[in-house]
Structure formats: structure tokens, C-alpha cells
Asks: 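For reference, the structure I am asking about is given below.
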Amino acid sequence: MSDAAAPSWTVTAEPAASPLALALLREYYTDVADRYYVLHEGRRSTPREIDEGVAAYPSDALLPPHGVLLVARHGAEPAGCAGVRLLDARTAELKQVFVRPAWRGRGVAGRLLGAAEAAAVRLGAERIRLDTRLDLTEAVALYRRRGYVEIAPYHDDRYAEIFFEKRLVETGARAAG
């Protein structure tokens, strides 16, 4: 197959209530919940726990004009998602970064992160924050590699163990230039 015929990568906004968005977010919650329960209780999550997790973290905040859900695709194949929402006029928050297992190790998370940062700038943010768990070592490493610095907690979610922030002023200047 020639390069001209090879599928290309895209990252585009997806309505947070679309069937694809809901499926990706459910996969995300299943992935992070399973990792948590295996580590702490030696078991996988139950469908009820996933339903409760999805309900506890609704995707409503990922709706315009104060948020967006982004989906990375290779051709027509959805590979992952990332959400961005405004916490205040100058601060965005990165949410639900997820890459389907078959697509991991191919740079999808980096593509999503770059697109999320650009989306945050378009929303007016000067900085972007996030929280994650320490057992999600790939995520922690990605954020550090991409210039995120550890900060004090900015909320008290029981699953949040480490908090990061990145200034987006340079990202915004590059996007404008």
C-alpha cells in the first residue's frame, strides 16, 4: 500500500453524547477502574461500578462553549479521546484521556494531548491542569515529558493522587503565529 492510500490521523471534536463518545468514555472508565480494583482489591470492576463511575463524572462539562471532547481517528477507526473543560476564564482542565489498547504505543496520546492543549487555548485558557493516579504510570510519564509540572491539589477527588499544570501561553503564541 502506498503512503498516498494509507489512512491519515485526525483529531476532531465529537458531541459528548454521541454513541461513539459514550462508548469511548465507558471504555475509559472500565480501563481505569479495572486497574484500580486489580491493584487495590485483586479484582476487576463490575458493570454496576462502571455505571456509577460514568454517572459520577458526566460528560456534560465537555460541551461547548466551555468544553470539548476530542476523538483521535486513524482513517475512520476511533483510537482514543480526550476532554477539555474550563475551570475558570483562564484555566482549562484535561479530562478522560484514553487510548484504546490496540492503538497504544503509536503516539495517539501525544496527538490527543496536543489537540487538547490547542482546544484549551481556543477556549481562552492560559494554563491547563489535570489530575491522575500514581498507578497510571504511562500517563504520569507522558505529562512530564510534555512539560506538565506537579502542582498542589486543586480539588479533593478521592482517586486523584497527583496534579499537574502546564502554561499554554507559548502554545497559544505558536498557534497564532
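Throughout, numbering of the chain's residues begins at 1 and tracks the sequence. Just the heavy atoms: all of them, side chains too, but no hydrogens, waters or symmetry mates, feed the values below.
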Asks: If I compare all heavy atoms of V108 with all of A79, which pair ends up nearest, and what's the gap?
Replies: CG1-CB, 4.1 Å
Asks: Would you sort out whether E117 and V84 count as a side chain to side chain contact (heavy atoms under 4.5 Å, CB included), showing the intermediate values?
Replies: CA-CA 8 Å; E117 291 167 2; V84 177; over 6 Å; no
Asks: Are Y148 and F163 connected in a single hydrophobic cluster, I mean Ile/Leu/Val/Met/Phe/Trp/Tyr linked by side-chain heavy atoms less than 4.5 Å apart?
Replies: no
Asks: How about CZ on R43, more than 12 heavy atoms from neighbouring residues, nucleotides or ligands closer than 6.0 Å, or not?
Replies: yes
Asks: In terms of the angle between their ring planes, are F164 and Y143 parallel, tilted or perpendicular, with boundaries placed at 30° and 60°?
Replies: tilted
Asks: Is there a path of hydrophobic side-chain contacts, each under 4.5 Å between heavy atoms, that joins V121 and L87?
Replies: no
Asks: Going from CG on L70 to CG on L113, what distance comes out if it is rounded to the nearest 0.5 angstrom?
Replies: 10.5 Å
Asks: Restricting to non-hydrogen atoms, name the atom on A115 and the atom on V11 that form the minimum distance, rounded to 0.1 Å.
Replies: CB-CG1, 3.5 Å
Asks: Among side-chain atoms of Y29 and Q96, is any donor-acceptor pair under 3.5 angstrom?
Replies: yes
Asks: What's the shortest heavy-atom distance between S45 and A33, and which atoms?
Replies: CB-CB, 3.9 Å
Asks: Would you list the pairs meeting ring-ring contact (aromatic ring centres under 6.0 Å, His included) in which at least one residue belongs to residues 62-81, sequence neighbours left out?
Replies: W9-H74, H74-W103
Asks: Would you give the length of the straight line joining atom CZ of R100 to atom CG of L24, rounded to the nearest 0.5 angstrom?
Replies: 4.5 Å
Asks: Given the rule that I, L, V, M, F, W and Y join up when any side-chain heavy atoms are under 4.5 Å apart, are I162 and V97 in one cluster?
Replies: yes
Asks: Residues two or more places apart in sequence or in another chain: which of them pass ring pair (Phe, Tyr, Trp, His ring centres under 6.0 Å) with F98?
Replies: none
Asks: Would a 4.5 Å heavy-atom cut-off, applied to side chains only, mark K95 and D131 as touching?
Replies: yes
Asks: To the nearest 0.5 Å, how far apart are CD in E138 and CG in L136?
Replies: 7.0 Å
Asks: Please check: side-chain N/O of T91 versus main-chain N/O of D88, any donor-acceptor pairing under 3.5 Å?
Replies: no
Asks: From R44 CZ over to Y37 OH, what is the distance, rounded to the nearest 0.5 angstrom?
Replies: 13.0 Å
Asks: For residues 6-23, which residue pairs qualify under salt bridge (charged side-chain N to carboxylate O under 4.0 Å, His left out), counting only residues two or more places apart or in two chains?
Replies: E14-R73
Asks: Side chains of Y154 and E93: is there a donor and an acceptor less than 3.5 Å apart?
Replies: yes
Asks: Quick one: does any side-chain atom of R129 pair with a main-chain N or O of A92 as donor and acceptor, under 3.5 Å?
Replies: no
Asks: Let me confirm one number: the CD1-CG distance from I128 to L86, rounded to the nearest 0.5 Å.
Replies: 9.5 Å
Asks: Looking only at heavy atoms, which two atoms of L94 and A82 are closest? And how far apart?
Replies: CD1-CB, 4.5 Å
Asks: What closest approach, in Å, do A16 and L69 show between heavy atoms, and which atom pair accounts for it?
Replies: CA-CD2, 4.2 Å
Asks: Return the CG to CD1 distance between L25 and I50, rounded to the nearest 0.5 Å.
Replies: 12.0 Å
Asks: Minimum heavy-atom separation for A160 and H155, please, with both atom names.
Replies: CB-CE1, 3.7 Å
Asks: Could you tell me if the side chain of V32 sits less than 4.5 Å from the side chain of R133, heavy atoms only?
Replies: yes
